[in-house]
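Before any comments, here is the structure.
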Amino acid sequence: VEARLAVAERSVAERAVGELVARAGGDVVSRSDDGSVTVLGLAVPGDRWDEVRRDLERLGELRLDRSAPRAGRLRIVLRLER
């Protein structure tokens, strides 16, 4: 899954994403930051994706660029933007 999340404060959103992914049984597996965008690599159980997606929507405007089947462990590339 590739997604973009527009937020007011990227550092605050990054902490919140880490917490909600952990609650769903997932992990933040990578992180990069170029100054204007933070990119998080996430892994979550496929059967918990709907819950994670709803929680992300509470943090800001979520846009899914590409989706994938939900079997097994789902890999997500999440771009945190303003």
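Starting from 1, each residue takes its place in the sequence as its number.
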Going by an N to O cut-off under 4.0 Å, is there a salt bridge joining Glu51 and Arg48?
-> yes

List in chain and number order the residues that pass salt bridge (charged side-chain N to carboxylate O under 4.0 Å, His left out) with Glu61, two or more places apart in sequence or in another chain; answer none if no residue qualifies.
-> none

Identify whether Leu78 and Leu64 are in the same connected component of the hydrophobic contact network (ILVMFWY, side-chain heavy atoms under 4.5 Å).
-> yes

Reported CZ-to-CD distance for the pair Arg63 and Glu57, which is rounded to 0.5 angstrom | 14.0 Å

List the atom pairs, with distances to 0.1 Å, where a side-chain N or O of residues 12-22 and a protein N or O form a donor-acceptor pair under 3.5 Å, not counting sequence neighbours.
from: Glu14; atom 1: OE1; to: Arg31; atom 2: NE; distance (Å): 3.3
from: Glu14; atom 1: OE1; to: Arg31; atom 2: NH2; distance (Å): 3.3
from: Glu14; atom 1: OE2; to: Arg31; atom 2: NE; distance (Å): 2.5

Going by the side-chain hydrogen bond (donor to acceptor under 3.5 Å, both in side chains) test, which pairs reach into residues 21-30, not counting sequence neighbours?
-> Asp27-Arg73

Between Ser36 and Asp34: side-chain donor-acceptor atoms closer than 3.5 Å = yes

Nearest heavy-atom pair of Leu80 and Arg10: which atoms, and what distance?
-> O-CD, 3.2 Å

Over all atoms of both residues, closest heavy-atom pair of Ala43 and Val29 | CB-CG1, 4.2 Å

Find the distance between OG1 (Thr38) and CD (Glu81) and round it off to the nearest 0.5 Å.
-> 10.0 Å

Interatomic distance, CZ@Arg75 vs CD@Glu2, rounded to 0.5 Å, equals 14.0 Å

Are Val77 and Val44 in one and the same hydrophobic cluster, where Ile, Leu, Val, Met, Phe, Trp and Tyr link if side-chain heavy atoms are under 4.5 Å apart?
-> no

Non-hydrogen atoms of Leu62 and Ala3 that approach each other most closely | CD1-CB, 4.0 Å

Co-membership, hydrophobic cluster, residues Leu59 and Val39, 4.5 Å side-chain | no

Considering only heavy atoms from C-beta outward, does the side chain of Arg4 approach that of Asp65 to under 4.5 Å?
-> yes

